[in-house]
Amino acid sequence: MGFTIGGIREMRSGSRRRARSTEITAVAEYTGLWGWDVTPGARAVRTGSRTDCSCGVADCPSPGAHPLALGEELAAGATLEKAAAAWAETPGAALLLPVGRSFDILDVPEAAGRNALARLERMGLPLGPVAVTPTGRALFFVAPGAAAGLPDLLYRMGWDDAALDLRPLGAGDHITAPPSDFGGHGPMRWLRPPTLDTADRPPQARLLLGTLAYTSLRLNRRRSGGGNHSL
């Protein structure tokens, strides 16, 4: 039997309903299970080579990667019903997690992050969640305060003069959370999903920083032709 126009519309509508259901479930999981605040975020809209933002601001500097001005932030502990009600007010909103409250972020290239994660797991060090972006970055969740203290920590560990592709995110920043789209490039994914043991107790940055700095530096040197060392 062939497809009808009505059938195609129903399929598309069903896909949208499933996507909304998945996002609402994720919001409730983040707030109710992991204890994180969640903020409705703008969506990126790609038209050919151009990326516009659902916020409607021309030449938005962060298309699809910032909170909605009229979105209601959901506090940790919000129920599935509250999540559904909030997302009904901002249909299609991306899931953003405010940084600097329950966690800070150390942002490194995905290749360096994957290598560091394998090394850290072998060493048996405590680890928190790790997310990856569709643009090739790995986001390591660490204890709050890491962003503000990173320059001093790098100095004390002897990494302050190194050419590191390592960026901290802290208070005032947001990250896009899985399964939301990141700036029109594709969905965010978990490399190491949150668990009850790690979501509210991410590790101190000092426990991960040496390994992340080492793998980031090795990757930089390899890309710049400074050596053929394997990561």
Side-chain angles (χ1 to χ4, degrees), residues 34-37 39 61-62 65-67 76 96-178 182-183 185 188-195 197-231:
W34 311 135
W36 297 336
D37 301 332
T39 301
S62 302
H66 65 84
L96 301 186
L97 303 178
V99 185
R101 301 178 188 178
S102 300
F103 56 83
D104 277 10
I105 294 290
L106 295 180
D107 174 341
V108 297
E110 182 179 346
R114 286 181 178 274
N115 185 258
L117 183 59
R119 291 170 181 264
L120 292 164
E121 287 175 338
R122 286 197 298 268
M123 289 187 284
L125 291 174
L127 292 165
V130 183
V132 289
T133 75
T135 55
R137 307 293 297 185
L139 310 181
F140 283 73
F141 287 50
V142 292
L150 188 63
D152 182 62
L153 188 56
L154 287 170
Y155 173 77
R156 288 190 284 112
M157 297 181 69
W159 290 102
D160 54 311
D161 291 330
L164 302 178
D165 187 357
L166 189 158
R167 301 192 295 263
L169 300 176
D173 294 318
H174 292 77
I175 62 166
T176 305
F182 176 74
H185 298 285
M188 293 286 294
R189 296 179 291 111
W190 288 114
L191 184 58
R192 182 183 174 89
T195 67
D197 294 330
T198 65
D200 63 345
R201 290 188 298 275
Q204 295 294 322
R206 60 180 173 79
L207 299 176
L208 314 185
L209 187 57
T211 303
L212 287 173
Y214 173 77
T215 57
S216 175
L217 183 62
R218 289 284 295 273
L219 181 64
N220 270 353
R221 286 177 175 173
R222 190 179 69 173
R223 287 176 173 174
S224 63
N228 295 318
H229 303 294
S230 173
L231 282 175

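The structure displayed is predicted, hence computed values, not measured ones.
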Between [X] (side chain) and [Y] (backbone), is there a donor-acceptor pair under 3.5 Å?
| X | Y | answer |
| --- | --- | --- |
| Asp104 | Ala146 | yes |
| Asp173 | Gly170 | yes |
| Asp107 | Pro168 | no |
| Ser216 | Asp165 | yes |

Considering only heavy atoms from C-beta outward, does the side chain of [X] approach that of [Y] to under 4.5 Å?
| X | Y | answer |
| --- | --- | --- |
| Ile175 | Leu169 | yes |
| Met188 | Thr133 | yes |
| Leu96 | Thr176 | yes |
| Leu166 | Leu150 | yes |
| Pro203 | Leu208 | yes |

### Summary
Which of Pro193, Pro129, Pro126 passes side chain to side chain contact (heavy atoms under 4.5 Å, CB included) with Thr198? Answer is Pro129

Compare every heavy atom of [Y] with every heavy atom of [X], then report the nearest pair and how far apart it is.
| X | Y | answer |
| --- | --- | --- |
| Asp37 | Leu97 | O-CD2, 3.6 Å |
| Arg192 | Gly128 | CD-O, 3.1 Å |
| Pro194 | Ala199 | CB-CB, 4.3 Å |
| Pro98 | Thr39 | CG-OG1, 3.6 Å |

### Task
Check step by step if side chain to side chain contact (heavy atoms under 4.5 Å, CB included) holds for Arg206 and Arg156.
CA-CA 10 Å; Arg206 60 180 173 79; Arg156 288 190 284 112; over 6 Å; no

Atom pair [atom1]/[atom2] of [X] and [Y] - distance to nearest 0.5 Å:
| X | Y | atom1 | atom2 | result |
| --- | --- | --- | --- | --- |
| Leu120 | Leu127 | CG | CG | 5.5 Å |
| Leu212 | Phe140 | CG | CZ | 5.0 Å |
| Arg201 | Asp197 | CZ | CG | 6.0 Å |
| Thr195 | Trp34 | OG1 | CH2 | 6.0 Å |
| Leu219 | Asn115 | CG | CG | 9.0 Å |
| Met157 | Leu209 | CE | CG | 5.0 Å |

### Message
Between Leu117 and Leu191, does the side chain to side chain contact (heavy atoms under 4.5 Å, CB included) criterion hold? Intermediate values first, please.
### Response
CA-CA 9 Å; Leu117 183 59; Leu191 184 58; 3.9 Å; yes

### Message
I'd like to know whether the aromatic ring centres of Phe141 and Trp36 sit less than 6.0 Å apart in this structure.
### Response
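When the ring centroids of Phe141 and Trp36 are compared, they turn out to be within the sub-6.0 Å range.
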
